[in-house]
Amino acid sequence: MRRAINKGILVTGGAGFIGSHLCRKLLEQGHDVLCVDNLFTGSKDNIRDLLAHPNFEFMRHDVTFPLYVEVDEIYNLACPASPVHYQFDPVQTTKTSVHGAINMLGLAKRVKAKILQASTSEVYGDPEIHPQPESYWGRVNPVGTRACYDEGKRCAETLFFDYYRQFDLPIRVVRIFNTYGPNMHPNDGRVVSNFVVQALRDEEITVYGDGSQTRSFQYIDDLVNGLLLMMADDQEFVGPVNLGNPNEFTILELAKHVLKLIPESKSRIIFRELPADDPRQRKPDIALARKLLAWNPVTELEEGLRNTITYFRTLRTDSAE
Ligand code: NAD
Ligand code: UDP
Ligand code: UDP
């Protein structure tokens with residue numbers, strides 16, 4: 001096994017769901033991790049066990065303001081990711097994506113750091129092509145309620161590629177598809193956390209629309225492996241690359257699956273209005289990641305859901321104490 005070389009790594013949004021798992025993994029590999037987060041949707045609880053680690057540092061900071069630190073690599077994850085949270089203050093969401101990207105790219109340029117952008121399948125909008133390959137330019141409503149996130153992320157991708165072309169900056173752009181797992185915010189409104197929390201509390205399971213819209217759910221550990229492979233030293237490919245699990249389910253199937261795994265639940269499924277611009281279907285084409293990164297998601301939905309359910313049970317027990 002090759003020994004990991006110790007690097008200084010900045011993770012913006014490091015106290016969030018994905019960021020907290022990434023920080024943990026980077027520490028395990030022996031790196032110095034600087035976690036920058038304004039705690040808008042993230043929480044110190046997600047990184048509580050890391051705070052005493054000698055190689056870990058937490059800095060409360062909003063990436064829409066300049067940041068002067070010295071690092072070797074940057075993972076730019078700062079941005080609320082769930083529709084409920086990114087629509088709460090849409091102007092701030094666009095600022096976080098766009099001003100945040102400019103500041104982190106400026107920082108990367110000054111210190112000559114490699115920088116990875118956590119982009120999203122939302123750049124494809126409500127797609128006419130299924131599954132979505134990286135070559136698809138997308139179908140986004142620029143004035144809809146999801147636009148603050150979708151267009152913000154699209155503009156961030158533009159900035160990354162222009163810093164790459166104009167300044168030769170080593171960039172990586174990853175388009176993340178629906179990801180779930182422990183450390184998701186219990187109230188962030190995303191479908192997996194909503195259904196699991198509702199089922200554990202015996203509340204009604206809220207399926208939006210008729211539940212026939214589809215998503216493909218990726219477990220957090222698979223995503224983190226993909227992010228690390230994309231950033232690896234011998235990796236020259238800059239992206240954009242899709243990271244997601246191509247196993248596609250309807251939302252109604254997901255609801256039934258969650259109930260099957262929590263057999264004691266007294267919850268029943270109810271149907272609610274479909275939110276505006278909710279994509280009908282989404283499934284990644286991951287041929288590029290398979291070929292260029294030798295990456296493949298390995299966690300089945302059932303295993304991932306079990307781990308997530310265990311996490312939310314613990315959270316409930318802790319908060320009941
Ligand atoms: P999250 O909301 O749990 O984490 C985002 C983190 O960014 C939070 O800790 C939040 O406090 C922080 N943040 C927000 N605005 C900030 C600002 N202005 N300055 C500093 N910190 C700020 O969401 P997540 O699921 O962990 O998503 C992480 C990244 O991955 C996001 O960029 C998101 O767009 C992207 N992504 C996630 C998914 C998914 O399914 N989870 C899918 C596609 C893309
Ligand atoms: N920036 C930063 N940290 C740095 C270097 C730059 O936050 O270490 C910010 C800076 O505020 C600037 C932005 O990044 O607004 C873009 O920097 P760049 O050097 O690309 O452009 P310029 O400074 O010319 O605007
Ligand atoms: N959804 C649902 N019930 C919920 C939360 C979400 O039916 O309680 C649906 C939502 O309308 C969408 C899908 O589940 O069709 C995924 O929603 P999520 O917010 O998790 O992610 P995104 O829409 O960004 O893919």
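Values in this document were obtained by computation on a predicted structure and should not be read as measured data. In each ligand, atom 1 is the first atom listed, and ligand 1 is the first ligand listed.
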Could you check atom 3 (N) of ligand 3 against the protein and tell me its nearest heavy-atom contact, residue, atom and distance included? Thr206 O, 2.6 Å
Atom 12 (C) of ligand 2: closest protein heavy atom, distance to 0.1 Å, is Asn103 OD1, 4.2 Å
Which residue and heavy atom of the protein sit nearest atom 8 (O) of ligand 2, plus the separation: Arg110 NE, 2.6 Å
Atoms in ligand 3 with a heavy atom of Arg282 nearer than 4.0 Å: 22 (P), 25 (O)
Could you list the atoms of ligand 1 found under 4.0 angstrom from a heavy atom of Gly16? 3 (O), 4 (O), 8 (C), 9 (O)
Only heavy atoms count here, so choose which of Asp188, Asn38, Thr120 is nearest to atom 16 (C) of ligand 1. Asn38
With a 4.0 Å heavy-atom cut-off (strictly under), which part of Leu39 contacts ligand 1: side chain, backbone, both or neither? backbone
What do you reckon, does Gln198 put a non-hydrogen atom under 4.0 Å from ligand 3? no
Between Glu122 and ligand 1, find which residue part has any heavy-atom pair under 4.0 Å and reply side chain, backbone, both or neither. neither
Residue portion contacting ligand 1 (non-hydrogen atoms closer than 4.0 Å) for Tyr180: neither
In terms of relative ring orientation, are Phe17 and His21 parallel, tilted or perpendicular, with 30° and 60° separating the classes? perpendicular
Atom 15 (O) of ligand 3 [closest protein heavy-atom partner, distance rounded to 0.1 Å]: Asp278 OD1, 2.6 Å
Honestly, for Ser119 the part within reach of ligand 1 (heavy atoms, under 4.0 Å) is backbone
Please say whether Arg190 places an N or O atom under 3.5 Å from an N or O atom belonging to ligand 3. no
Taking non-hydrogen atoms only, is Asn178 closer than 4.0 angstrom to ligand 1 via side chain, backbone, both or neither? backbone
Selection from Thr214, Asn194, Val191 by shortest heavy-atom distance to atom 18 (P) of ligand 3: Val191
Salt bridge (charged side-chain N to carboxylate O under 4.0 Å, His left out) assessment of Glu204 paired with Lys266: CA-CA 9 Å; Glu204 289 167 333; Lys266 298 184 183 64; over 6 Å; no
For Glu122, counting its heavy atoms only, list the atoms of ligand 3 lying under 4.0 Å from any of them. 24 (O)
Specify the closest pair of heavy atoms between Asp285 and Pro131, including all atoms of both residues, with the distance to one decimal. N-CB, 3.9 Å
Tell me if the CZ atom of Phe88 is crowded by more than 12 foreign heavy atoms within 6.0 Å. no
Which residue holds the protein heavy atom closest to atom 22 (P) of ligand 3, what is that atom called, and what is the gap in Å? Arg146 NH2, 3.5 Å
Mark up the atoms of ligand 3 that fall under 4.0 Å of a heavy atom belonging to Gly189, in ascending order. 5 (C)
List every atom of ligand 1 that sits less than 4.0 Å from any heavy atom of Ala78, numbering the atoms from 1 in the order shown and giving each element. 7 (O), 20 (C), 21 (N), 22 (C)
In this structure, does ligand 1 have an atom that sits under 4.0 Å from one of the heavy atoms of Thr12? no
Would you sort out whether Glu28 and Arg24 count as a salt bridge (charged side-chain N to carboxylate O under 4.0 Å, His left out), showing the intermediate values? CA-CA 6 Å; Glu28 275 169 30; Arg24 197 163 284 107; over 6 Å; no
Going by the order shown, which atoms of ligand 3 are within less than 4.0 Å of some heavy atom of Phe195? 3 (N), 4 (C), 8 (O)
Atom 7 (O) of ligand 2: which protein heavy atom is closest, and how many Å away? Leu67 N, 2.8 Å
So CG of Leu243 and CE of Met230: to nearest 0.5 Å the spacing works out to 8.0 Å
Tell me: protein heavy atom nearest atom 19 (O) of ligand 2, and distance? Lys109 NZ, 3.1 Å
Checking contacts here: is it the side chain or the backbone of Pro275 that comes within 4.0 Å of ligand 3, counting heavy atoms only? Could be both or neither. side chain
Would Glu122 and Arg215 count as a salt bridge (charged side-chain N to carboxylate O under 4.0 Å, His left out) if you check the C-alpha gap in whole Å, the side-chain angles of each, and the deciding distance to 0.1 Å? CA-CA 12 Å; Glu122 286 284 320; Arg215 294 291 187 275; 5.6 Å; no
Tyr163: heavy atom below 4.0 Å from ligand 2, yes or no? yes
Counting non-hydrogen protein atoms only, what is the nearest one to atom 21 (O) of ligand 3? Give residue, atom name and distance. Asn178 ND2, 3.4 Å
Among Glu248, Arg282, Gln281, the one residue meeting side chain to side chain donor-acceptor pair (under 3.5 Å) with Thr214: Glu248
Do ligand 2 and Pro66 have nitrogen or oxygen atoms that lie under 3.5 Å from each other? no
Any idea which atoms of ligand 1 are less than 4.0 Å away from a heavy-atom of Gly42? 8 (C), 9 (O), 10 (C), 11 (O)
Heavy-atom distances under 4.0 Å are what count here, so tell me which part of Arg190 touches ligand 1: side chain, backbone, both or neither. side chain
How about Phe249: does its CZ atom have over 12 heavy atoms from other parts shown lying under 6.0 Å from it? yes
Polar contacts were defined as any N/O atom of the residue lying under 3.5 Å from an N/O atom of the ligand; does this apply to Thr64 and ligand 1? no
If hydrogens are left out, which of Ala101, Gly100, Gly106, Ala113 has an atom nearest to atom 5 (C) of ligand 2, that is, the closest non-hydrogen atom? Gly106
Closest to atom 13 (C) of ligand 3 among protein heavy atoms sits Ile251 CD1, 3.6 Å
Close approach, Arg272 and ligand 3, non-hydrogen under 4.0 angstrom: no
Of the side chain and backbone of Gln92, name the one, both, or neither that has a heavy atom under 4.0 Å from an atom of ligand 1. side chain
In terms of atom number and element, which parts of ligand 1 are under 4.0 angstrom from non-hydrogen atoms of Lys153? 31 (C), 32 (O), 33 (C), 34 (O)
To the nearest 0.5 Å, what is the distance between CD (Gln132) and CG (Asn242)? 8.0 Å
Apply salt bridge (charged side-chain N to carboxylate O under 4.0 Å, His left out) to residues Glu151 and Arg154 and explain how you reach the verdict. CA-CA 5 Å; Glu151 298 290 17; Arg154 286 169 68 96; 3.5 Å; yes
Where the closest heavy atom to atom 5 (C) of ligand 1 is concerned, which of Gly13, Ala15, Cys79 has it? Cys79
Could you check whether atom 25 (O) of ligand 2 has a protein contact, counting only heavy atoms that fall below 4.0 angstrom? no
Could you tell me, atom by atom, which parts of ligand 1 come under 4.0 Å of a heavy atom of His61? 19 (N), 20 (C)
Consider ligand 3: state whether an atom of it lies below 4.0 angstrom from any non-hydrogen atom of Pro83. yes
Could you list which atoms of ligand 1 come closer than 4.0 Å to a heavy atom of Tyr149? 33 (C), 34 (O), 36 (N), 44 (C)
Specify the protein heavy atom at minimum distance from atom 27 (O) of ligand 1: its residue, its atom name, and the distance to 0.1 Å. Ala81 CB, 3.6 Å
Out of Phe195, Tyr219, Phe312, which one pairs with Tyr180 under the ring-ring contact (aromatic ring centres under 6.0 Å, His included) rule? Tyr219
Show me which atoms of ligand 2 lie under 4.0 Å from any heavy atom of Ile102. 13 (C), 14 (O), 16 (C)
Can you tell me which residue and heavy atom of the protein come closest to atom 1 (N) of ligand 3, and the distance to 0.1 Å? Tyr208 CD1, 3.3 Å
